[in-house]
Amino acid sequence: MTQIITKTGFVEETYQGQHFPFSALWDGQDLPESPFAIVLSPDSDPFDLVPWFERVDLVIIPFATSADGRGFSLARRLRHLGYRGCIRAHGHILVDQFRAALAVGIDEVEISADQARRMPQAQWQAVALDAPRYQSRLRAA
């Protein structure tokens, strides 16, 4: 079982479509009209997903470890390319990384139930608050 987290806290899973690997877009696999989700790999090129933006409702970016930041770069690039759907980080995201995840365009995080027990909702909500970031304080000086 997993837990979905948004900037408002722990939420129930609402996505009911199918999940496909990124490679399914080219390997002749029959894809539904909509909704469907694409699971990127850390070495995916988000530019290749651009023609599919209107059909993909959810992009899932796996984080195998909390030390691998490639998922943040993928999310940022998807947003810069114009993707407006939901981006979900899946896997090993730490509470301390949540603000960075939101800043690069990740809408929600999916973690294991075990992680959710170790990092309760109040911790995620505290990080997601719109508190001034240190960069804004530097610019004001």
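Keep in mind it's a predicted model, so treat the numbers as computed, not measured.
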- Query: Do the side chains of Val11 and Thr8 get nearer than 4.5 Å, heavy atoms only?
  - Reply: yes
Considering only distance and modelled atom types, tabulate donor-acceptor pairs under 3.5 Å from the side chains of residues 46-55, sequence neighbours left out.
residue : atom : partner : partner atom : Å
Arg55   : NE   : Glu33   : O            : 3.3
Arg55   : NH2  : Pro32   : O            : 2.6

- Message: Please give me the minimum heavy-atom distance between Leu102 and Ala128, naming the atom from each residue.
- Response: CD1-CB, 4.0 Å
- Note on the structure: Those residues at least two apart in sequence (or on a different chain) that pass ring-ring contact (aromatic ring centres under 6.0 Å, His included) with His80 are none
- Message: Just so I know, are the side chains of Ile111 and Ile4 near enough to count as touching, which here means a heavy-atom distance under 4.5 Å?
- Response: no
- Item | Validation row: Glu108, Cys86 side chains within 4.5 angstrom (heavy atoms) | yes
- Query: From Ile38 CD1 over to Asp57 CG, what is the distance, rounded to the nearest 0.5 angstrom?
  - Reply: 10.5 Å
- Message: Less than 4.5 Å apart, side chain to side chain, heavy atoms only: is that true for Gln16 and Thr14?
- Response: no
- Query: Which pairs pass salt bridge (charged side-chain N to carboxylate O under 4.0 Å, His left out) with one or both residues in residues 58-84, sequence neighbours excluded?
  - Reply: Asp45-Arg77, Asp68-Arg70, Arg79-Asp107
- Non-neighbouring partners of Ala75 that pass side-chain contact (heavy atoms from CB on, under 4.5 Å), sequence neighbours left out: Ile61, Ile87, Val104, Ile106
- Message: Just verifying a value: how many Å separate Phe10 CZ and Gln3 CD, rounded to the nearest 0.5 Å?
- Response: 5.0 Å
- Query: Which residue pairs pass the salt bridge (charged side-chain N to carboxylate O under 4.0 Å, His left out) test when at least one of the two sits in residues 109-126, sequence neighbours left out?
  - Reply: Arg88-Glu110, Asp114-Arg117, Asp114-Arg118
- Message: Quick test of your reading: applying ring-ring contact (aromatic ring centres under 6.0 Å, His included), list the pairs with at least one residue in residues 89-123, sequence neighbours left out, ordered by first then second residue.
- Response: Phe98-Trp124
- Item | Pairing residues for Ala37 by the side-chain contact (heavy atoms from CB on, under 4.5 Å) criterion, not counting sequence neighbours | Tyr15, His19, Leu58, Ile60
- Can you check whether Phe22 reaches Val39 side chain to side chain, under 4.5 Å on heavy atoms? no
- Item | Which atom of Ala89 lies closest to which atom of Phe63, heavy atoms considered | CB-CE1, 3.5 Å
- Message: Just to verify, what does Ser73 make a side-chain hydrogen bond (donor to acceptor under 3.5 Å, both in side chains) with, not counting sequence neighbours?
- Response: none
- With Ser66 via side-chain hydrogen bond (donor to acceptor under 3.5 Å, both in side chains) - residues at least two apart: none
- Task: Please tell me if the side chains of Tyr83 and Val56 come closer than 4.5 Å, counting only heavy atoms from C-beta onward.
- Result: yes
